[in-house]
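First the proteins, then the strands, lettered A, B, ... as listed; each starts at 1. Since the structure is predicted, the reported quantities are computational estimates derived from the model, not experimental observations.
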Amino acid sequence: KAGVTQTPRYLIKTRGQQVTLSCSPISGHRSVSWYQQTPGQGLQFLFEYFSETQRNKGNFPGRFSGRQFSNSRSEMNVSTLELGDSALYLCASSSGLVNTGELFFGEGSRLTVL
Amino acid sequence: SQQGEEDPQALSIQEGENATMNCSYKTSINNLQWYRQNSGRGLVHLILIRSNEREKHSGRLRVTLDTSKKSSSLLITASRAADTASYFCATDASGYGGSQGNLIFGKGTKLSVKP
């Protein structure tokens, strides 16, 4: 069974630009969550999608948005990039139906904003 | 705000020694999990302990949970150089109205195991 796949793995943007990150969950998983990891703030929850609907949202500004497609693949977008958005963005999937608790993480997309 | 806080922030030991990491949290939980992260990579789930359990084992891992003290510990026995990584505890966000995919992570313990 293939794991969670995130693309791109690395990217460099400049302030003011926007970026779109993609996540393909484990086959059969319907829940996709996104996390931002920085040295200062650690791992912070961005949002969770289940069956194309946002189920939960963390405390991030509206510049951070996401969506989920009918095949459960998810994208997140960050507009008007700021230097502080430089981070490792992690996607995690779970079945979303039975709360086993465990999340399966991808390798992350490392974003550098110059 | 961070739910889980690990202690110590960094730990350096020799191969063969045991490593103990602690985690404290703030609100009521359904379960507590431990994850491992190799430098700059994704997180790997290690073990989950439910709120009605006190201790759980998996291979060289032993996790304890004390809900009265809102704390947990992760013990890695007979550590190996390959155990070098950061270890995070994570709690469900049910106390904050969160859903399954919404975990609250601590800042982690960076473990270094020297050969």
Sub-4.5 Å side-chain heavy-atom contact between [X] and [Y]:
{"X": "A:Leu90", "Y": "B:Gln37", "result": "yes"}
{"X": "A:Tyr35", "Y": "B:Leu103", "result": "yes"}
{"X": "B:Val44", "Y": "A:Phe105", "result": "no"}

Are [Y] and [X] connected in a single hydrophobic cluster, I mean Ile/Leu/Val/Met/Phe/Trp/Tyr linked by side-chain heavy atoms less than 4.5 Å apart?
{"X": "A:Val32", "Y": "A:Leu21", "result": "yes"}
{"X": "B:Leu43", "Y": "A:Trp34", "result": "no"}
{"X": "B:Met21", "Y": "B:Ile29", "result": "yes"}
{"X": "A:Val4", "Y": "A:Leu11", "result": "no"}
{"X": "B:Phe88", "Y": "A:Tyr89", "result": "no"}

Proximity of B:Phe105 and A:Phe45 rings by center, below 6.0 Å: no

Using a 6.0 Å cut-off, check whether atom [atom1] of [X] has over 12 heavy atoms from anything other than its own residue.
{"X": "A:Arg73", "atom1": "CZ", "value": "yes"}
{"X": "A:Arg15", "atom1": "CZ", "value": "no"}
{"X": "B:Glu55", "atom1": "CD", "value": "yes"}

Turns out that what part of A:Leu88 lies under 4.5 Å from chain B's heavy atoms comes down to side chain

A:Phe47 versus chain B, heavy atoms under 4.5 Å apart: side chain, backbone, both or neither? neither

Measure from the side-chain N and O atoms of B:Tyr35 to the backbone N and O of A:Leu103, and report whether any donor-acceptor pair falls under 3.5 Å. yes

So, the side chain of B:Lys107 versus the backbone of A:Gly40: is there a donor-acceptor pair under 3.5 Å, distance only? yes

Heavy-atom closest pair (A:Glu48 atom, B:Asn102 atom, distance to 0.1 Å) is OE1-N, 4.0 Å

Heavy-atom pairs under 4.5 Å with chain A: which of B:Gly42, B:Gly101, B:Ala90 has the most? B:Gly101

So which residue, A:Gln37, A:Arg110, A:Gln6, ends up with the most heavy-atom pairs under 4.5 Å with chain B? A:Gln37

